[in-house]
Q: 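Quick one: structure below, then a few questions.
Each residue takes its place number in the sequence, starting with 1. Just so you know, these numbers use all the heavy atoms, side chains as well, and skip hydrogens, waters and symmetry mates. Everything numeric here is computed off the predicted structure, so don't read it as measured data.
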Amino acid sequence: VDITYSVIEHLLHYSQSHKSQNHIKVTNSLIHNTMEIKLIRKYYKTRYTLGRLYVNNRFFSDTLEPPSKHLTERCSTATIQKAKNEGFRAIPAGRYRILITRSRRFGRWLPLLLNVKGFEGIRIHAGNKPEDTKGCILLGFNRRKGYVLNSTQCVQQLMRRMTEAMEKGERVFVEVR
């Protein structure tokens, strides 16, 4: 059964404020049934942004994105569009749900970030250099300045882990900082 977070949070608040045994009790485990991915941006360069990706608080890989202007999902759409026009195409910092969907552009199943303000079709995919992304997140290991290597293997491994989590009923989120 798919229960939205707002309903669960309401039930949690209700159960905590009404301690009687006649009321519904909801545990925090329902809210935390997620796979959490964190992308922490570390190096902001003129041609790219490098970061580190963590899955459930464990290092997974490095990331390569377009240049960043330190936007957040609270920025106006006009501000985000202005930054994109200036060449700063890294997505705003924020928390995004991820689904695995078929990409028309790449012709394969890839992770898709949902509801990224000012952007459409933001995916996690393979690539090695800044020119390989127009806003998406590339995975790999930063063993060469401005590049990520072993990208395809990293994406495949992350997709396996995401698929396993989704098959267990977990939702997948990425928090970009």
Q: Would you kindly confirm whether Leu53 and Leu112 end up in one hydrophobic cluster when ILVMFWY residues are joined by side chain heavy atoms under 4.5 Å apart?
A: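 As far as the 4.5 Å side-chain criterion goes, Leu112 and Leu53 are not connected within one cluster.
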Q: Just by modelled atom types, is the Lys38 backbone N or O under 3.5 Å from a matching donor or acceptor in the Arg177 side chain?
A: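 Between the backbone of Lys38 and the side chain of Arg177 there is no qualifying donor-acceptor contact (under 3.5 Å).
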Q: Name the orientation class of the two ring planes belonging to Phe59 and Tyr54 (parallel below 30°, tilted from 30 to 60°, perpendicular beyond 60°).
A: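 Rings of Phe59 and Tyr54: perpendicular, as their planes differ by over 60°.
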Q: Side chains of Leu114 and Leu99: closer than 4.5 Å at any heavy-atom pair?
A: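 Sidechains of Leu99 and Leu114: in contact.
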Q: Please assess Thr34 against Val172 for the test side-chain contact (heavy atoms from CB on, under 4.5 Å), listing each intermediate value before the final yes or no.
A: CA-CA 6 Å; Thr34 62; Val172 179; over 6 Å; no
Q: Measuring from Phe141:CZ to Asn150:CG, what's the distance to the nearest 0.5 Å?
A: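 It comes to 6.5 Å.
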Q: For the pair Lys69 (side chain) and Glu86 (backbone), establish whether a donor and an acceptor sit closer than 3.5 Å, ignoring hydrogens and angles.
A: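 Pair absent, no side-chain N/O of Lys69 close to backbone of Glu86.
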Q: What about the rings of His70 and Tyr44, do their centers lie closer together than 6.0 Å?
A: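 Close enough - the centres of the two rings lie under 6.0 Å apart.
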Q: Is there a side-chain contact between Glu36 and Asn57 in this structure, where contact means two heavy atoms from C-beta onward sitting under 4.5 Å apart?
A: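 Counting from C-beta outward, Glu36 and Asn57 never come under 4.5 Å.
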Q: Taking C-beta and beyond as the side chain, do Asn115 and Arg97 meet within less than 4.5 Å on heavy atoms?
A: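 No - every pair of side-chain heavy atoms lies 4.5 Å or more apart.
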Q: Give a yes or no on whether the backbone of Ser68 and the side-chain of Thr49 come within a donor-acceptor separation of less than 3.5 Å.
A: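 Present.
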Q: Do side-chain atoms of Thr63 reach the backbone of Ile137 as a donor and acceptor pair under 3.5 angstrom?
A: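 Not confirmed, Thr63 side chain does not pair with Ile137 backbone.
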Q: For a side-chain contact (heavy atoms from CB on, under 4.5 Å) check, start with the C-alpha distance between Val55 and Met35, then their side-chain angles and the critical distance, and finish with the verdict.
A: CA-CA 7 Å; Val55 177; Met35 177 180 179; 3.4 Å; yes
Q: Atom NZ of residue position Lys117 - does it have more than 12 heavy atoms of other residues, nucleotides or ligands inside 6.0 Å?
A: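 Enclosed.
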Q: Between the main-chain N or O of Asn128 and the side-chain N or O of Ser151, is there a donor-acceptor pair closer than 3.5 Å?
A: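 No; judged by distance alone, with no hydrogens or angles, the pair does not exist.
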Q: Taking all atoms of both residues into account, what is the closest heavy-atom pair of Gly127 and Val148, and its distance?
A: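 Scanning both residues completely, I find the closest heavy atoms to be O-CG2, 3.3 Å.
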Q: Verify, without hydrogens or angle tests, whether Ser61 (side chain) and Cys154 (backbone) share a donor-acceptor contact under 3.5 angstrom.
A: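 The answer is no, because no donor-acceptor pair under 3.5 Å joins these two groups.
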Q: Decide whether Ile40 and Phe60 are clustered together by the hydrophobic rule: side chain heavy atoms of Ile, Leu, Val, Met, Phe, Trp, Tyr closer than 4.5 Å, transitively.
A: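 In one cluster with Ile40: Phe60, no.
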Q: Give me the atom names and distance for the closest heavy-atom approach of Ser103 to Leu110.
A: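 Closest heavy-atom pair between Ser103 and Leu110: CB-CD1, 4.2 Å.
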Q: So, the side chain of Asn56 versus the backbone of Arg58: is there a donor-acceptor pair under 3.5 Å, distance only?
A: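 No; judged by distance alone, with no hydrogens or angles, the pair does not exist.
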Q: May I have the step-by-step check of salt bridge (charged side-chain N to carboxylate O under 4.0 Å, His left out) for Glu65 and Arg89, ending in yes or no?
A: CA-CA 8 Å; Glu65 297 176 89; Arg89 299 196 53 87; over 6 Å; no
Q: If I take atom CZ from residue Arg41 and atom CG from residue Leu39, how far apart are they, to the nearest 0.5 angstrom?
A: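 That separation rounds to 6.5 Å.
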Q: Around atom CZ of Arg74, are there more than 12 heavy atoms from other residues, nucleotides or ligands closer than 6.0 Å?
A: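 For Arg74, atom CZ is not crowded (no more than 12 foreign heavy atoms under 6.0 Å).
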Q: With side chains defined as the heavy atoms from C-beta onward, is the minimum distance between Asp132 and Leu64 less than 4.5 Å?
A: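 Not touching, per the 4.5 Å side-chain cut-off.
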Q: Kindly give the heavy-atom pair with the smallest separation between Lys84 and Phe119, and that separation in Å.
A: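 Closest approach of Lys84 to Phe119, heavy atoms only: CD-CZ, 3.6 Å.
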Q: Assess whether atom CD of Glu120 is packed by more than 12 heavy atoms of other residues, nucleotides or ligands within 6.0 Å.
A: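 No - once you tally the heavy atoms of other residues, nucleotides and ligands closer than 6.0 Å, there are 12 at most.
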Q: Less than 4.5 Å apart, any side-chain heavy atom of Pro92 and any of Val116?
A: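 Yes, at least one pair of side-chain atoms sits under 4.5 Å.
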Q: Would you call Arg95 and Val174 a side-chain contact if the rule is heavy atoms closer than 4.5 Å?
A: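 A side-chain contact is absent here, since even the closest heavy-atom pair is not under 4.5 Å.
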Q: Taking all non-hydrogen atoms of both residues, which atom of Pro66 and which atom of Lys134 are closest, and how far apart?
A: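 Nearest heavy atoms, Pro66 then Lys134: CG-C, 4.0 Å.
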Q: Heavy atoms only: give me the nearest Ile98-Pro111 pair and the separation to one decimal.
A: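 That closest heavy-atom pairing would be CG2-CB, 3.7 Å.
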Q: Check for me, please, whether Leu50 and Leu149 land in the same ILVMFWY cluster - side-chain distances under 4.5 Å, paths through other members count.
A: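 Different clusters: Leu50 never reaches Leu149 through Ile, Leu, Val, Met, Phe, Trp or Tyr contacts under 4.5 Å.
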Q: Taking it one step at a time, do Arg123 and Thr101 satisfy side chain to side chain donor-acceptor pair (under 3.5 Å)?
A: CA-CA 10 Å; Arg123 295 196 178 266; Thr101 64; 2.9 Å; yes
Q: Any side-chain heavy-atom pair from Leu139 and Ile124 closer than 4.5 angstrom?
A: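 Side chain of Leu139 against side chain of Ile124, heavy atoms only: contact under 4.5 Å found.
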Q: Is any side-chain heavy atom of Met162 closer than 4.5 Å to a side-chain heavy atom of Ile100?
A: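 Yes, at least one pair of side-chain atoms sits under 4.5 Å.
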Q: Near Tyr43 OH, under 6.0 Å, is it more than 12 heavy atoms from other residues, nucleotides or ligands?
A: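 No.
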Q: Is a side-chain N or O of Lys129 found less than 3.5 angstrom from the main chain of Gly146, in a donor-acceptor match?
A: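 It does not hold such a pair.
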Q: Within the distance-only criterion (no hydrogens, no angle test), does the side chain of Asn142 pair as donor or acceptor with the backbone N or O of Tyr147 below 3.5 angstrom?
A: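 Yes; at least one donor-acceptor contact below 3.5 Å.
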Q: Does Phe88 share a hydrophobic cluster with Val176, counting links as ILVMFWY side-chain heavy atoms below 4.5 Å and allowing steps through other members?
A: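 No: no chain of side-chain contacts under 4.5 Å links Phe88 to Val176.
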Q: For side-chain contact (heavy atoms from CB on, under 4.5 Å), just list the numbers for Glu131 and Tyr48, CA-CA rounded to whole Å, side-chain angles, deciding distance to a tenth of an Å, and then say yes or no.
A: CA-CA 9 Å; Glu131 296 78 22; Tyr48 56 86; over 6 Å; no
Q: Answer yes or no: is there a donor N or O on one side and an acceptor on the other, between the side chain of Thr79 and the main chain of Cys75, under 3.5 Å?
A: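 Such a contact is absent between Thr79 side chain and Cys75 backbone.
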Q: Could you see if Tyr96 belongs to whatever hydrophobic cluster contains Leu138? Use Ile, Leu, Val, Met, Phe, Trp, Tyr and a side-chain cutoff under 4.5 Å.
A: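 Different hydrophobic clusters.
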